[in-house]
Amino acid sequence: MGLLRSSAVGVLLVVTVTVQVGLFTHLSIAGVVPDLALLVVVAAALVRGPVYGTVLGLVAGLLVDLAPPADGVAGRWALALAVAGWLAGLARGEARQSAVATVVTVAVSSFAATSLYAMSGLVLRDPGVTVGRVIEVLPVAVLYDVAVTPLVVPLAVLAFRRLDPAPIRW
Amino acid sequence: MSARPRPWSPGRERDAARRARTAVALTVLTSVTVMTLDAGTGEDSPVEPARSAASQVFGPLESGLSTLSAPVVTGVDALVNVRRLKSDNTRLEREVATLRTELARSEVDRNRLAQYDALAAVSEGSGFRLVPARVVAVGPAQAFARTVTIDAGTTDGVRPDLTVVESGGLVGRVLRAGAHTATVLLAVDAESVVGGRLAESMELGYLRGSGDLGGDGLLHMNVVDPTVDPEPGDAVVTWGSRGGGPYVAGVPIGTVVDARASAGDQSVTARVEPFADMSALDFVGVVVGPQRQKQRSELSRVAPADATDPGGR
């Protein structure tokens, strides 16, 4: 992949993360905002497959981990989004054929990413993560991600198709 | 698994599966390595340079986006109202929309001004020197932490472990500062511990955030002396430490809601409702130290001799 394409993807990720913490806080439900970075990773995985999805998930997750006001141990979102990207990549065959499958893919990836992030917090003894709070946040996060899927995923899929009209089929 | 529109070939399929496995293993290893590096070494973490680099990039972007989106965010309310009025005639509708937009905007402006004035009053009354700043980004609840980004950084004199206040009272402390932005740990975060003093009895205690996400969480205050009985309505102020960091003394934190003595560990825990509205933060002030550069106009300090408790020296 060319340098130009990589930097275009990089810019897309930076913009996504900025909008997620800067703009969507005004639309938060009980503090939960849609995980735009996850949706972009899922879209990329649907276009390019599990390998690309997991690598992009790692990069996007690191950005989410490092961009202010994120605090705590870096690498947690990286792990969560890498696994989400891989899962979405596995389901791309089905997701290509129906919109419902795409929505289910988003829901599964969102569930996996949010709970993996929470679990890494439990392992690392993050005092903010308690089982009760995870149960509170998880459904809202998954539903909110699903709700904004029609607005974000098709656009992101289009963007990744544009970036690479004839993807290497891994 | 993957139904691809091309002839099936066992070799290619196996190859692809192996490559996918390798990629997943590598990414998982990478993220776990980053976590280990960052978690094991605390303050001198090798990830810290990457973090400050990220704040150099994302800080200005978040500030810019916040400035750009402010009129839109105010306007959205007005637009929603327009739709509700569609049954009325269009002329009235338009008029209402314009008026409402104006009203919403002036309301926000007025509120901002009031907050700014109140902040200036805090500065005058307490003798604290404050650097004003606005909250430009808020961490999501999915991250299980209560942190915000403010648009003042090291060039404005903000550095880690400074106290952040609102006109109402304590907000939190600066975790890390970039050139133009800084990350603030709110007092309601589960990792936040603030030394507090009950104004009534002068008794000391530690306030921990409950980490409640979304709305305003209550703080839990462990009173050091188990014989003290904090009354509901008692005010709590910061206790302060030598050198004024991370919290300067005498900043109002909140009022006691209720108190409970636990027989097991011989301690009294009071629930404290913070004065500052942590879910609707906009203008905040950072209590700066004496050696501070003058890039940002500071709120002036009036009659420090009259102040009962100068606190942050």
Side-chain angles (χ1 to χ4, degrees), chain A residues 14 17-26 28 30-33 35 49-51 54-55 57-58 61-63 65-79 82-83 86 89-90 92-94 97 114 117-118 120-121 124 126-130 133-134 136-137 140-141 169-170, chain B residues 1-4 6 16 19-20 23-24 27-28 30-39 45 47 50-51 53-55 57-59 61-62 65-66 69 73 76 136-149 175-176 178 181-185 189-191 211-215 279:
Chain A
V14 168
V17 173
T18 310
V19 169
Q20 185 174 326
V21 292
L23 196 60
F24 271 79
T25 44
H26 298 289
S28 71
V32 176
V33 300
D35 198 339
V51 175
T54 186
V55 172
L58 181 80
L62 275 176
L63 285 183
D65 276 322
L66 296 177
D71 180 48
V73 178
R76 289 172 59 192
W77 277 119
L79 175 66
V83 171
W86 175 64
L90 291 184
R92 76 182 154 146
E94 285 79 9
Q97 282 150 21
T114 314
Y117 180 85
S120 64
L124 292 166
D126 179 343
V129 184
T130 59
R133 207 162 285 146
V134 173
E136 211 173 287
V137 165
V140 184
R169 291 182 194 270
W170 278 335
Chain B
M1 188 81 191
S2 41
R4 273 175 246 157
R6 57 169 38 231
R19 212 175 304 187
V24 171
T27 48
V28 168
T30 312
S31 45
V32 170
T33 308
V34 172
M35 272 190 252
T36 321
L37 283 175
D38 199 25
S45 157
V47 184
R51 224 187 265 280
S55 91
V57 176
F58 283 97
L61 283 175
E62 287 170 9
L65 182 67
S66 167
S69 65
V73 171
V76 165
V136 294
V138 181
Q142 290 104 308
F144 301 99
R146 296 290 307 268
T147 51
V148 297
T149 310
L175 272 183
R176 58 181 69 85
T181 54
T183 304
V184 175
L185 181 75
D189 186 273
E191 262 179 273
D212 271 346
L213 310 156
S279 60

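These values consider heavy atoms only, across backbone and side chains, with no hydrogens, waters or symmetry-generated copies. Convention: sequence-line order gives letters A, B, ...; per-chain numbering from 1.
Heavy-atom pairs under 4.5 Å with chain A peak, among B:Leu65, B:Val47, B:Val57, B:Leu185, at B:Leu65.
The heavy-atom pair separating B:Glu191 from A:Pro127 by the smallest distance is CG-CG, 3.1 Å. For A:Leu124 against B:Met35, the heavy-atom pair with the smallest separation is CD1-SD, 4.0 Å. When every heavy atom of A:Ala67 is checked against every heavy atom of B:Ala54, the shortest pair comes out as N-CB, 4.2 Å.
Of the atoms belonging to B:Ser66, not a single heavy atom falls under 4.5 Å from chain A. Heavy atoms of B:Leu175 lying under 4.5 Å from chain A belong exclusively to its side chain. Residue contact with chain B, scored on non-hydrogen atoms closer than 4.5 Å, involves the backbone and the side chain of A:Leu23 alike. Only the side chain of A:Ala82 comes within contact range of chain B, judged by heavy atoms closer than 4.5 Å. Contacts of B:Val148 with chain A are made by backbone atoms alone, with heavy-atom separations under 4.5 Å and no side-chain atom involved. For a residue to count as touching a neighbouring chain, one of its non-hydrogen atoms must lie under 4.5 Å from one of that chain's; by this rule B:Val28 touches chain A with backbone and side chain alike. Heavy-atom distances place the side chain of B:Thr183, and not its backbone, under 4.5 Å from chain A.
Each of A:Val21, A:Leu66, A:Thr18 was scored for a side-chain contact (heavy atoms from CB on, under 4.5 Å) with B:Phe58, with one residue passing: A:Thr18.
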